[in-house]
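Here's the structure we're looking at; comments come further down.
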Amino acid sequence: MAETGAHARRVFSGVQPSGNLHLGNYLGAVKRFVEMQEEDYETIYCMVDLHAITVWQDPAQLKTAIRELAAAFMACGLDPDKSILFNQSQAPAHAQLAWIFNCVARIGWMNRMTQFKEKSGKNAEASSLGLYCYPALMAADILAYHATHVPVGEDQKQHLELTRDIAIKFNNDFGAPGFFPEVEPVIEGAATRVMSLRDGTKKMSKSDPSDLSRINLTDDADAISKKIRKAKTDPEPLPEALSGLDGRPEARNLVGIYAALSGKGAAEVLSEWGGREFSAFKPALADLAVEMVAPIAGRMRAYLADPGEIDRVLGAGAMKARAISEPILEKTYDLVGLLRSA
């Protein structure tokens with residue numbers, strides 16, 4: 001394993017088991033997860049079920065959603081023999097380290113977190129304390145493994161900055177320079193932020209009331225093709241240069257999706273399709289999306305047919321995760337001056 005200073009090159013990322021993964025999740029996160037497990041990193045990918053309960057969840061549905069997310073991860077190409085796959089609540093270090101970080105982080109830092117404001121809306125006083133302080137748990141997720149790199153979307157950069165602030169303050173407060181690494185975000189790819197197929201100014205989301213706004217990873221070939229063909233566009237042909245996408249959010253979104261699915265750059269896509277109408281481009285994009293995404297649904301169904309095997313994979317992954325996180329938690333307790341039983 002290659003080294004970065006005192007720390008291994010270790011990737012951590014987590015996804016909430018909220019059900020109904022879509023193309024935006026795949027292109028913005030999971031596809032990159034798969035690529036990174038083949039690179040010079042140790043890769044740890046987590047179903048963050050403790051984050052999910054910051055808002056009320058039906059317990060039976062949550063258990064199902066955890067297994068569905070694990071099935072989706074594996075169906076997309078994450079290999080339990082190459083990456084550590086587990087759900088967060090099976091590794092106690094996450095919650096234990098989060099409490100320590102609650103005591104390190106400052107109220108002012110939490111007040112600056114924009115996602116709490118967005119998620120709580122006008123009813124912030126009725127939101128759970130967990131929803132307010134979950135960025136400290138997110139920092140614990142990452143730092144419990146001394147992760148050095150985290151693949152994130154643009155909207156998660158603020159959380160990584162908070163994680164770095166917590167790591168720096170802890171190291172300074174307890175005289176342990178370099179103990180927690182200053183994690184680096186990994187933001188790359190042609191479509192790190194996939195937008196709605198019905199409104200190119202809004203992020204693709206499972207909460208959108210229109211199913212035509214997104215391609216679900218459970219969609220079959222016919223559904224994928226239909227949604228791409230019905231995707232909103234403008235009347236102009238595709239431009240020949242990237243600057244021609246300015247002010248054309250739907251065009252930019254479809255070009256970005258094509259680029260990400262094909263492994264090409266957006267400029268390369270426009271060199272091929274510039275000057276041509278969407279009536280020609282959309283069928284080609286539909287065929288590409290069907291080729292790349294439709295097989296995922298079939299593999300998901302196969303995994304979900306054997307929930308016991310999914311549980312076995314998650315349990316084995318949790319054992320590996322605990323083997324890494326427990327010594328780090330033990331050292332953290334020692335630095336803080338807490339006693340733990342042998």
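- When side chains are defined from C-beta on, Ile310 does not count as touching Ile66, because their heavy atoms never get closer than 4.5 Å.
- Formation of a donor-acceptor pair under 3.5 Å by the Gln158 side chain with backbone atoms of Arg112 is found in this model.
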| request: Begin from the C-alpha positions of Phe33 and Val15 and carry the test side chain to side chain contact (heavy atoms under 4.5 Å, CB included) through to its verdict. | output: CA-CA 11 Å; Phe33 294 174; Val15 176; 4.0 Å; yes
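- Panel note: side chain Arg9, backbone Asp40; a donor-acceptor pair is recorded below 3.5 Å.
- Contact check for Val336 versus Phe170: side-chain heavy atoms found under the 4.5 Å cut-off.
- Heavy atoms only, all atoms of each residue included: Leu23 and Val293 are closest at CD1-CG2, 3.8 Å.
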| Taking it one step at a time, do Tyr258 and Phe281 satisfy ring pair (Phe, Tyr, Trp, His ring centres under 6.0 Å)? | CA-CA 10 Å; Tyr258 191 105; Phe281 179 71; 5.2 Å; yes
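- Taking every heavy atom of both residues into account, Leu335 and Ala176 meet most closely at CD1-CB, 3.8 Å.
- No single ILVMFWY cluster, assembled from side-chain heavy atoms under 4.5 Å apart, contains both Met110 and Trp99.
- Here the closest heavy-atom approach between residue Phe86 and residue Gly317 is recorded as CB-C, 3.7 Å.
- Of the possible donor and acceptor atoms, none in the side chain of His94 sits under 3.5 Å from a partner among the backbone N and O of Val48.
- Transitive grouping of hydrophobic side chains (ILVMFWY, heavy atoms separated by less than 4.5 Å) brings Leu314 and Val30 into a common cluster.
- The ring of His149 has its center no closer than 6.0 angstrom to the ring center of Phe12.
- The hydrophobic clustering, which links ILVMFWY residues whose side-chain heavy atoms are closer than 4.5 Å, places Leu129 and Ile107 together.
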| request: Begin with the C-alpha distance, continue with both residues' side-chain angles, and end with the deciding distance and a verdict on side chain to side chain donor-acceptor pair (under 3.5 Å) for Gln37 and Asp79. | output: CA-CA 8 Å; Gln37 77 178 356; Asp79 184 344; 5.6 Å; no
| said: Between Val194 and Lys203, is the side chain to side chain contact (heavy atoms under 4.5 Å, CB included) condition met? List the steps. | reply: CA-CA 6 Å; Val194 180; Lys203 191 175 179 181; over 6 Å; no
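- Ion pairing between Lys227 and Asp211 holds under the 4.0 Å rule for side-chain N and carboxylate O.
- Counted by atom type alone, Thr218 and Asn216 present zero donor-acceptor pairs between their side chains at under 3.5 Å.
- In terms of heavy-atom proximity, Phe278 sits nearest to Ala251 at CZ-CB, 3.7 Å.
- In terms of hydrophobic clustering, with Ile, Leu, Val, Met, Phe, Trp and Tyr side chains grouped at heavy-atom distances under 4.5 Å, Leu285 and Tyr26 are assigned to a common cluster.
- For the pair Val11 and Pro151, the minimum side-chain heavy-atom distance is below 4.5 Å.
- To the nearest 0.5 Å, atoms CD (Glu330) and OG1 (Thr332) are separated by 9.5 Å.
- Going from atom CD1 of Ile224 over to atom CE of Met292 covers 11.5 Å, rounded to the nearest 0.5 Å.
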| Can you list the steps and then say if Leu27 with Ile257 is a side chain to side chain contact (heavy atoms under 4.5 Å, CB included)? | CA-CA 8 Å; Leu27 293 180; Ile257 291 172; 4.3 Å; yes
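- Ion pair Asp246/Arg252 flagged as a salt bridge, since at least one NZ, NE, NH1 or NH2 atom sits closer than 4.0 Å to an Asp/Glu carboxylate oxygen.
- For the pair Pro181/Leu143, a side-chain contact is recorded, criterion being any heavy-atom separation below 4.5 Å from C-beta on.
- Atom NZ of Lys31 sits about 13.0 Å away from atom CE of Met36, to the nearest 0.5 Å.
- Under the 6.0 Å cut-off for aromatic ring centres, His159 and Tyr134 qualify, their centroids lying closer than that.
- At a threshold of 4.0 Å, the pair Glu277-Lys282 does not count as salt-bridged, since none of the basic side-chain nitrogens sits closer than that to a carboxylate oxygen.
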| query | Yes or no on salt bridge (Lys or Arg N to Asp or Glu O under 4.0 Å) for Glu42 and Lys320, after CA distance, side-chain angles and deciding distance? | reply | CA-CA 12 Å; Glu42 182 176 20; Lys320 296 176 184 177; over 6 Å; no
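- For the pair Gln16 (side chain) and Met47 (backbone), a donor-acceptor distance under 3.5 Å is absent.
- With rounding to the nearest 0.5 Å, the separation of CD in Glu35 from CZ in Arg32 is 5.5 Å.
- Remark: side-chain polar atoms of Asp219 are not paired, donor with acceptor, to backbone N or O of Ile215 under 3.5 angstrom.
- A donor-acceptor pair is defined here as one N or O able to donate and one able to accept, closer than 3.5 Å; such a pair exists between the side chain of Arg248 and the backbone of Glu236.
- A salt bridge links Glu309 to Arg312: at least one charged side-chain nitrogen sits closer than 4.0 Å to a carboxylate oxygen.
- Checking side-chain atoms of Lys169 against main-chain N and O of Arg106 turns up no donor-acceptor pair under 3.5 Å.
- Using a 4.5 Å cut-off on side-chain heavy atoms (C-beta onward), Met204 and Ser213 make no contact.
- For the pair Asn171 and Gly178, the tightest heavy-atom approach, listed with the atom from each and the gap, is ND2-N, 3.6 Å.
- Distance check: Asn102 CG to Leu137 CG gives 8.5 Å after rounding to the nearest 0.5 Å.
- Less than 6.0 angstrom separates the ring centroid of Phe180 from the ring centroid of Phe101.
- Side-chain contact between Thr43 and Ile84 is absent, with no heavy-atom pair separated by less than 4.5 Å.
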| message | As a quick check of understanding, evaluate side chain to side chain contact (heavy atoms under 4.5 Å, CB included) for Leu197 and Leu254, giving each step before the final call. | response | CA-CA 8 Å; Leu197 298 178; Leu254 294 185; 4.1 Å; yes
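- Checked by atom type and distance alone, the side chain of Glu68 never pairs as donor or acceptor with a backbone atom of Met300 at under 3.5 Å.
- Using a 4.5 Å cut-off on side-chain heavy atoms (C-beta onward), Tyr132 and Ser127 make no contact.
- For the pair Asn25 (side chain) and Leu21 (backbone), a donor-acceptor distance under 3.5 Å is absent.
- Scanning both residues, Leu62 and Ala52, for their nearest heavy atoms gives CD1-CB, 4.1 Å.
- Remark: Arg10 fails to qualify as a cation-pi partner of Tyr145 under the 6.0 Å distance and 45° angle criteria applied to the six-membered ring.
- In the model, Ser210 has no side-chain atom that pairs as donor or acceptor with a side-chain atom of Asp208 under 3.5 Å.
- Remark: Glu240 CD is loosely packed, at most 12 non-hydrogen atoms of other residues, nucleotides or ligands lying under 6.0 Å away.
- Ser262 OG to Glu272 CD: the interatomic distance, rounded to the nearest 0.5 Å, is 8.0 Å.
- Note on Leu97: it clusters hydrophobically with Phe179, by side-chain heavy-atom contacts below 4.5 Å among ILVMFWY residues.
- At least one side-chain heavy atom of Arg67 sits under 4.5 Å from a side-chain heavy atom of Asp311.
- Side-chain N or O atoms of Arg214 include one that pairs as donor or acceptor with a backbone N or O of Ser205 at under 3.5 Å.
- Using a 4.0 Å cut-off between charged nitrogen and carboxylate oxygen, Arg198 and Glu250 do not count as a salt-bridge pair.
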